[in-house]
Amino acid sequence: MKLTITNAANQQLDQLQEGKHSFLRLFYDTDGLGCGANGQPTVRLTDTMYEDTDKTIENENFKVIIDRQQATFFKADMKLDFTSKGFFRLSSPEGILNPIIPTGTIKNEVPL
């Protein structure tokens with residue numbers, strides 16, 4: 001699995017993390033969406049990596065991680081971009097995974 005982060009997204013992530021976060025987590029958010037199969041692929045800045053359940057994702061800019069069980073909701077090759085409208089966008093060659101990721105949610109800690 002690979003995540004490419006565009007220059008625009010990289011600059012925004014640098015500003016958001018403020019040197020405080022160790023990882024960028026790919027996260028399948030199901031909060032308020034019913035069951036575990038209904039969710040939205042997204043990203044979060046975090047300091048926590050769970051050695052027994054997380055794996056690293058190929059990336060040149062950040063240490064990117066994902067829970068092994070949530071990996072099925074993501075694609076093998078993905079891109080994180082920052083749009084002119086002020087949102088992050090997660091996509092793959094197959095299509096858009098999440099067109100609107102607000103900057104405010106990037107800093108929200110992932111619920112356990």
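Position 1 is the first residue of the sequence, and the numbers go up from there. Treat the numbers as computed from the prediction; the structure is a model and nothing was measured.
Partners of Glu94 under the side-chain contact (heavy atoms from CB on, under 4.5 Å) rule, at least two apart in sequence or in another chain, are Lys75, Ser92. For Asn98, the side-chain hydrogen bond (donor to acceptor under 3.5 Å, both in side chains) test picks out Gln40, with sequence neighbours left out. Residues meeting the side-chain contact (heavy atoms from CB on, under 4.5 Å) test with Leu16, sequence neighbours left out: Leu45, Phe88, Thr103, Ile106, Lys107. When the side-chain hydrogen bond (donor to acceptor under 3.5 Å, both in side chains) test is applied to Thr6, the partners found at least two apart in sequence or on another chain are Asp81. In this view, Ser91 satisfies the side-chain hydrogen bond (donor to acceptor under 3.5 Å, both in side chains) rule with no residue, not counting sequence neighbours.
With contacts defined as side-chain heavy-atom distances shorter than 4.5 Å, the pair Gln12/Gln15 qualifies. By the 4.5 Å heavy-atom criterion applied to side chains, Phe74 and Met1 are counted as neighbours. At a threshold of 4.5 Å between non-hydrogen side-chain atoms, the residues Leu3 and Leu24 count as touching. Looking at Phe73 and Ile66, their side chains never come closer than 4.5 Å, going by heavy atoms from C-beta outward.
Within the structure, no pair that satisfies the side-chain hydrogen bond (donor to acceptor under 3.5 Å, both in side chains) test touches residues 55-67, not counting sequence neighbours.
Side-chain atoms of Arg25 do not come within 3.5 Å of backbone N or O of Thr42 as any donor-acceptor pair. A donor-acceptor distance shorter than 3.5 angstrom exists from the side chain of Tyr28 to the backbone of Gly39, with no hydrogens or angles considered. Between the side chain of Arg68 and the backbone N or O of Asp54, at least one donor-acceptor pair lies under 3.5 Å.
Interatomic distance, CG of Leu90 versus CE of Met78, reported as 6.0 Å (0.5 Å rounding). If you take CG on Leu80 and OG1 on Thr4, they are separated by 10.0 Å, rounding to the nearest 0.5 Å. Here the CD1-OG1 distance, from Ile65 to Thr53, works out to 8.5 Å after rounding to the nearest 0.5 Å.
Scanning both residues, Arg44 and Thr105, for their nearest heavy atoms gives CD-O, 3.0 Å. In plain terms, the two heavy atoms of Phe62 and Asp14 that are nearest each other are CZ-OD1, 3.7 Å. The nearest pair of heavy atoms linking His21 to Asp47 is CA-OD1, 3.0 Å.
Checking each of Leu97, Ile96, Ile101 against Pro41 for a side-chain contact (heavy atoms from CB on, under 4.5 Å) leaves exactly one that passes, namely Leu97.
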